[in-house]
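FYI, side chains are in, hydrogens and waters are out, and symmetry mates aren't considered; it's all heavy atoms of this structure. Treat the numbers as computed from the prediction; the structure is a model and nothing was measured.
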Amino acid sequence: MPELPEVEVSRQGITPFMVGETVMRVVVRNASLRWPIPSEIQELVGLTITAVRRRAKYLLLETDWGTAILHLGMSGNLRILPHGSVAGKHDHVDIELSNGQLLRLNDTRRFGCLLWTREPAEQHKLLIKLGPEPLTEDFNGEHLYQRSRKRKIAVKQFIMDNHVVVGVGNIYANEALFSAGIHPQQAACDVNETDYQALASEIKKVLARAITQGGTTLKDFTGSDGKPGYFVQELQVYGRAGEPCRHCGGLLSEVRMGGRSTVFCPLCQPKCSG
DNA sequence: CGAGGGACCTGGTTGC
DNA sequence: TGCAACCAGGTCCCTC
């Protein structure tokens with residue numbers, strides 16, 4: 001479910017309900033997420049949330065004494081609800097706040113996580129090696145070009161590598177490569193600097209656009225207010241294999257790369273040699 | 001170091 | 001209708 005835009009939409013949705021509030025209670029119904037939720041998560045109780053930040057697809061609930069690190073995995077979903085709301089299936093955690101609201105984590109597949117760290121979150125093992133945020137100036141075509149010189153993997157898998165740039169998941173990798181006119185199976189080291197500038201630009205564009213549209217609802221993603229995202233209506237290639245390209249009218253192709261569905265237009269995204 | 005694949009989970013869809 | 005196989009938005013971690 002959540003790629004970077006969905007996580008950012010969730011962050012924006014929960015922030016006004018959380019910042020400045022004190023945690024009254026942390027209810028863990030099922031601690032077995034990707035990693036067990038540590039018992040130290042209870043240190044949150046009595047602390048005030050000073051900020052809700054995002055690094056890559058991790059949400060950081062900050063306090064003066066530590067940070068809760070939250071990841072939504074493939075199927076995670078956050079809701080803001082009143083105290084006492086009846087929990088349903090896969091509602092694994094509630095963080096109850098002093099304003100009478102609670103943050104509820106629902107995660108069907110349990111690929112998400114909820115961790116606690118007293119160090120600056122950026123120093124955490126999961127965050128310290130991450131590449132630049134795609135929507136900052138640190139991420140640009142030159143960065144992609146420099147980092148790709150010795151990489152023989154396909155350009156699609158290259159841009160989905162969190163050490164290269166964070167937040168580019170399967171949907172938006174497909175979309176950005178289409179918009180930049182680059183074949184997803186092109187070796188990363190064979191893409192020239194001009195094409196990487198276009199690719200970086202399209203990654204920024206597609207992510208920013210998806211955020212303003214409330215994310216991409218495929219199956220069941222909703223923002224923290226329960227509203228779906230609308231970006232799905234703007235998808236050019238993802239989920240459209242066999243359908244006509246919206247640019248040239250040719251049929252879109254599908255291949256599997258690293259186990260992930262990859263859709264592209266063979267005419268608009270030519271594979272160059274060398 | 002880079003590349004590739006399995007692992008973690010549930011549930012919806014597809015096909016026999 | 002039943003059941004098995006396959007697929008899904010992520011990414012860590014192990015091997016080669």
Novice: Please check the phosphate of C:dT11 (OP1 and OP2 only) for any side-chain N or O of A:H71 closer than 4.0 Å.
Specialist: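 Yes, within the criterion.
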Novice: Just the rounded figure in Å: distance from P of B:dG4 to CZ of A:R260.
Specialist: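 Roughly 16 Å, once rounded to whole Å.
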Novice: Which of the following nucleotides, B:dC8, C:dA8, B:dG4, is nearest to the side chain of A:S261?
Specialist: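 Nearest to the side chain of A:S261 among the choices is C:dA8.
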Novice: I'd like to know if A:R110 reaches the base of B:dC9 with its side chain such that a donor and an acceptor end up less than 3.5 angstrom apart.
Specialist: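 Such a pair does not exist between side chain and base.
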Novice: Calculate the interatomic distance between A:R256 atom CZ and C:dC6 atom P; express it in whole Å.
Specialist: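 Going from A:R256 (CZ) to C:dC6 (P), I get 11 Å.
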Novice: Separation of A:M74 atom CE from B:dG12 atom P, in whole Å?
Specialist: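 One finds 15 Å between P of B:dG12 and CE of A:M74, rounded.
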Novice: Is there a path of hydrophobic side-chain contacts, each under 4.5 Å between heavy atoms of I/L/V/M/F/W/Y residues, joining A:L135 to A:V206?
Specialist: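 Shared cluster, yes.
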Novice: Could you give me the stems involving DNA chain B, meaning stretches of three or more consecutive Watson-Crick or G-U wobble pairs whose two defining distances are both below 3.5 Å?
Specialist: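 Correct response: B:2-8 with C:10-16, B:10-16 with C:2-8.
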Novice: Do A:E6 and A:K57 meet the salt-bridge criterion of a basic N to acidic O distance under 4.0 Å?
Specialist: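 Not counted as a salt bridge, because no side-chain N and carboxylate O are separated by less than 4.0 Å.
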Novice: Taking the same atom, P, in C:dC7 and in B:dG5, what whole-Å distance lies between them?
Specialist: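 C:dC7 and B:dG5 have their P atoms separated by 15 Å.
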Novice: What's A:K89 touching, base or sugar-phosphate or nothing? Going by heavy atoms closer than 4.0 Å.
Specialist: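 Sugar-phosphate, no base atom in range.
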Novice: Of the nucleotides C:dA8, B:dT10, B:dG2, which has the atom closest to the A:R151 side chain?
Specialist: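 The answer is B:dG2.
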